[in-house]
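See below for the structure under consideration.
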Amino acid sequence: MNDSSQAAAALATGEASGFIRQMIARDLARGKHAGRVHTRFPPEPNGHLHIGHAKSICLNFGIAEEYGGHCNLRFDDTNPLKESQEFVDAIKQSIRWLGFRWHGEVRYSSSYFAQLHEFARQLIGKGKAYVCALSPEQIREYRGSLTEPGTPSPWRDREARESLALFERMRAGEFADGALSLRARIDMASPNINMRDPVLYRIRHAAHHQTGTQWPIYPTYDYTHCISDALENITHSLCTLEFEDHRPLYDWILANLDLDSLSEASSLGDSAAPFVLPEQTEFAKLRLSYTLLGKRFLRALVEGGKVDGWDDPRMPTLAGMRRRGYTPGAIRNFCEAVGVARAESVVDIAMLEHAIREDLDHNAPRAMCVLRPLKVVLDNFPAERRQVLRLARHPKRPELGEREVPLTRELWIESDDFSESPPAGFKRLVAGGEVRLRGAYVIRCHEVLRDESGGIRELRCCVDFDTLGKRPEGRKVKGVIHWVAADEAKPVELRLYDRLFLHENPAPKSVAEVFGELNPDSFERLENCMLEPAALDGGEHFQFERVGYFVRDRAAVGNGAAVFNRTIHLRDSWGAVR
RNA sequence: UGGGGUGUCGCCAAGUGGUAAGGCACAAGGUUUUGAUCCUUGCAUUCGUUGGUUCGAAUCCAGCCACCCCAGCCA
């Protein structure tokens with residue numbers, strides 16, 4: 001792709017941009033990992049991927065591509081209580097949809113359980129871990145506080161032999177959940193709370209989506225992640241800022257394990273590359289204005305029925321964005337534009353909107369669709385006549401071909417495009433005025449017909465037949481409006497989506513607060529919209545001219561009519577003026 | 001009040017001692033049979049702040065201020 005070739009060029013000239021790429025370029029220059037770059041994307045299968053994850057995916061997979069390395073997909077599945085196969089499937093699909101391919105097979109932390117168990121025995125044997133009988137509440141009390149050191153567990157100096165035996169009995173399922181835990185023996189007085197003898201293993205009599213009921217004990221994230229990275233020969237373990245305080249623990253665990261045994265267990269096999277420990281580097285996670293990415297809140301929206309599932313087009317999930325009409329290319333470009341840094345920031349959602357408009361402007365074929373139809377009768381256009389116009393699918397890309405658009409005596413136009421009391425600057429149709437029918441003739445409105453209640457029923461217009469593909473003589477017609485032949489239009493349902501939150505920076509403390517901040521107009525259903533017939537034949541993404549970008553939603557059914565979701569409206573400087 | 005971080009244009013973000021990239025947003029023009037796109041132009045004498053070092057500082061040093069993260073047997 002163009003992006004990666006640009007990146008490659010930048011690298012070749014020593015212009016790696018951003019602190020992570022610079023670090024990697026530096027590592028490579030020093031031969032730190034024998035020229036290898038191996039990253040991983042490690043989601044926990046406890047929810048759906050969202051735009052924030054896309055940033056991490058683009059970073060990890062992108063770096064692997066740029067440096068000729070690899071990126072693993074590894075499910076960090078050490079907590080069976082919260083995880084499920086449904087989520088692993090959805091996550092894999094979203095990553096593939098984004099256009100990334102992981103290296104080799106999908107990995108699971110759970111597939112390392114046996115090795116993890118063995119390494120734990122090693123730590124115990126070295127006096128670096130012990131089985132503790134403190135309850136979870138007691139462990140919390142013994143841990144101390146941010147300003148006070150912790151106090152050692154009474155089990156801290158338990159004999160290694162005894163701990164080993166207890167650990168085996170834990171593994172055999174002899175104890176109840178929470179009765180015992182395996183803890184690292186580090187420093188109860190450390191100013192870094194993560195180093196105050198963190199729990200390495202806990203008892204959980206729970207079935208796991210990958211390993212079933214084989215294990216009644218499960219390793220914790222801190223213990224699992226670093227070893228999994230090492231086993232997969234990850235060179236650069238990239239994660240978000242909140243794990244920064246965990247880095248000393250990440251390093252401690254690897255440093256206290258026997259390097260040779262780690263190396264042997266790793267997947268480097270008989271490769272000539274030397275075994276090198278992975279290193280963790282943190283970056284700021286993505287935040288977006290008018291958007292909430294917290295899993296807890298997203299879940300609440302779904303379960304509270306505020307949206308129509310995880311793939312509701314208003315959701316910032318990749319599944320939702322896909323249904324909304326976002327494209328992988330747009331999302332990747334967006335992630336590229338956002339950059340990767342350590343400063344916590346909130347990206348303006350306008351950047352995301354720009355990315356999708358840019359993509360769709362270039363790629364989406366054009367069509368005409370009238371959202372709120374107003375009847376127009378062309379008095380001087382013969383009733384039996386059907387003129388077929390051939391219009392470009394894309395104004396700037398003739399290679400995309402043409403479509404046939406029928407013109408007949410009766411049309412639908414947008415009711416917004418006619419005004420009896422036009423505001424200053426109004427360029428559309430007015431009584432007695434002229435306007436161009438997009439791709440067709442200039443018409444003049446000479447009569448407004450009303451219904452009993454005084455509303456506008458239809459417009460009577462006449463066509464200037466000397467204006468097809470040319471300007472009218474002696475006057476200029478500024479306005480251009482979209483239209484559809486009444487008899488041939490396809491009634492469709494349009495679903496208009498807007499941002500879910502009213503506040504630029506929604507910062508709810510509770511789920512109730514989230515519900516209070518929702519935009520009541522985030523969804524509008526328009527039935528009986530009139531679409532030009534050719535647009536139903538194929539294609540997913542369209543620009544409905546003068547309106548916005550829409551995507552066909554084949555999963556949705558709306559009264560038998562085709563359904564289109566509005567991805568994003570066109571920029572509208574006229575709307576902005578009003 | 002312990003520890004770990006971060007502060008460069010309205011929003012992101014380059015920059016790593018030699019005199020402030022780029023994108024988004026915004027504004028003003030131009031082109032246009034989409035009030036779209038596209039094109040042009042403008043948009044930080046200044047890098048949280050105060051001092052210091054230096055011929056020279058966003059970049060080095062010190063103090064101060066603001067904000068974020070950490071006391072799950074979650075990840």
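Residue numbers begin at 1 in each chain, while the letters A, B, ... track the order of the sequences.
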Partners meeting ring-ring contact (aromatic ring centres under 6.0 Å, His included) with [X] (sequence neighbours left out):
X: A:Phe119; result: none
X: A:Tyr142; result: none
X: A:Phe426; result: none
X: A:His53; result: A:His50

Pairing partner (Watson-Crick or G-U wobble, both distances under 3.5 angstrom) of B:U46: none
Watson-Crick or G-U wobble partner of B:C67, both distances under 3.5 Å: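 Answer to the pairing question: B:G5, which forms a Watson-Crick or G-U pair with B:C67.
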Sugar-phosphate, base or nothing in reach of A:Ser135, heavy atoms under 4.0 Å: base
Sugar-phosphate only, base, or nothing, as touched by A:Val340 at under 4.0 Å among non-hydrogen atoms: sugar-phosphate
Short heteroatom pairs, N/O only, protein and nucleotides 33-37 of chain B, under 3.5 Å:
residue: B:U33; atom: OP1; partner: A:Arg471; partner atom: NH2; Å: 3.3
residue: B:U33; atom: OP2; partner: A:Arg471; partner atom: NH2; Å: 2.9
residue: B:U33; atom: O3'; partner: A:Arg438; partner atom: NH1; Å: 3.3
residue: B:U33; atom: O2'; partner: A:Arg438; partner atom: NH1; Å: 2.1
residue: B:U33; atom: O2; partner: A:Gly439; partner atom: N; Å: 2.7
residue: B:U33; atom: N3; partner: A:Arg436; partner atom: NH1; Å: 3.4
residue: B:U33; atom: O4; partner: A:Arg436; partner atom: NH1; Å: 3.0
residue: B:U33; atom: O4; partner: A:Gly469; partner atom: N; Å: 2.4
residue: B:U34; atom: O2; partner: A:Gln543; partner atom: OE1; Å: 2.7
residue: B:U34; atom: O2; partner: A:Arg546; partner atom: N; Å: 3.0
residue: B:U34; atom: N3; partner: A:Gln543; partner atom: OE1; Å: 2.6
residue: B:U34; atom: N3; partner: A:Glu545; partner atom: OE2; Å: 3.4
residue: B:U34; atom: O4; partner: A:Arg366; partner atom: NH1; Å: 2.3
residue: B:G35; atom: OP1; partner: A:Arg546; partner atom: NH1; Å: 2.9
residue: B:G35; atom: O3'; partner: A:Ser573; partner atom: OG; Å: 3.4
residue: B:G35; atom: O2'; partner: A:Ser573; partner atom: N; Å: 3.4
residue: B:G35; atom: O2'; partner: A:Ser573; partner atom: OG; Å: 2.8
residue: B:G35; atom: O2'; partner: A:Trp574; partner atom: N; Å: 3.1
residue: B:G35; atom: N7; partner: A:Arg428; partner atom: NH1; Å: 2.4
residue: B:G35; atom: O6; partner: A:Lys427; partner atom: N; Å: 3.0
residue: B:G35; atom: N1; partner: A:Gly425; partner atom: O; Å: 2.8
residue: B:G35; atom: N2; partner: A:Gly425; partner atom: O; Å: 3.1
residue: B:A36; atom: OP1; partner: A:Ser573; partner atom: OG; Å: 3.1
residue: B:U37; atom: O2'; partner: A:Asp361; partner atom: OD2; Å: 2.7
residue: B:U37; atom: O2'; partner: A:Lys396; partner atom: NZ; Å: 3.4
residue: B:U37; atom: O2; partner: A:Lys396; partner atom: NZ; Å: 2.5

Closest-nucleotide ordering on RNA chain B, the 5'-leading residue of A:Ala284 and A:Leu180: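 Its nearest nucleotide being more 5', the pick is A:Ala284.
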Lys/Arg cation over aromatic A:Trp215: A:Arg171, 6.0 Å, 45° cone: yes
C1' gap between B:G42 and B:G5, integer Å: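 The answer is 37 Å between these two C1' atoms.
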Contacts of type salt bridge (charged side-chain N to carboxylate O under 4.0 Å, His left out), residue A:Asp245, not counting sequence neighbours: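 Here no residue qualifies.
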Residues which pass salt bridge (charged side-chain N to carboxylate O under 4.0 Å, His left out) with A:Arg74, listed by chain and number, not counting sequence neighbours: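 Expected list: A:Asp229, A:Glu232.
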OP1 or OP2 of B:A75 under 4.0 Å from side-chain N/O of A:Thr78: yes
Donor + acceptor pair across side chains of A:Glu402, A:His394 (<3.5 Å): no
Partner residues of [X] under the side-chain hydrogen bond (donor to acceptor under 3.5 Å, both in side chains) criterion, sequence neighbours left out:
X: A:Gln138; value: A:Ser135
X: A:Asp27; value: none
X: A:Glu174; value: A:Arg169

B:G5 glycosidic torsion: syn (within 90° of 0) vs anti: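 With its glycosidic angle more than 90° from zero, B:G5 counts as anti.
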Polar-atom pairs under 3.5 Å, protein N or O versus N or O of nucleotides 1-7 of chain B: list them with distances, or write none.
residue: B:G2; atom: N9; partner: A:Leu146; partner atom: O; Å: 3.2
residue: B:G2; atom: N3; partner: A:Leu146; partner atom: O; Å: 3.1
residue: B:G3; atom: N2; partner: A:Asp245; partner atom: OD2; Å: 2.7
residue: B:G4; atom: O2'; partner: A:Asp245; partner atom: OD1; Å: 3.3
residue: B:G5; atom: O3'; partner: A:Arg342; partner atom: NH2; Å: 3.2
residue: B:U6; atom: OP1; partner: A:Arg342; partner atom: NE; Å: 3.1

Please write out the pairs of protein N or O atoms and N or O atoms of nucleotides 18-24 of chain B separated by less than 3.5 Å, giving the distance to one decimal.
residue: B:C24; atom: OP1; partner: A:His354; partner atom: NE2; Å: 3.0

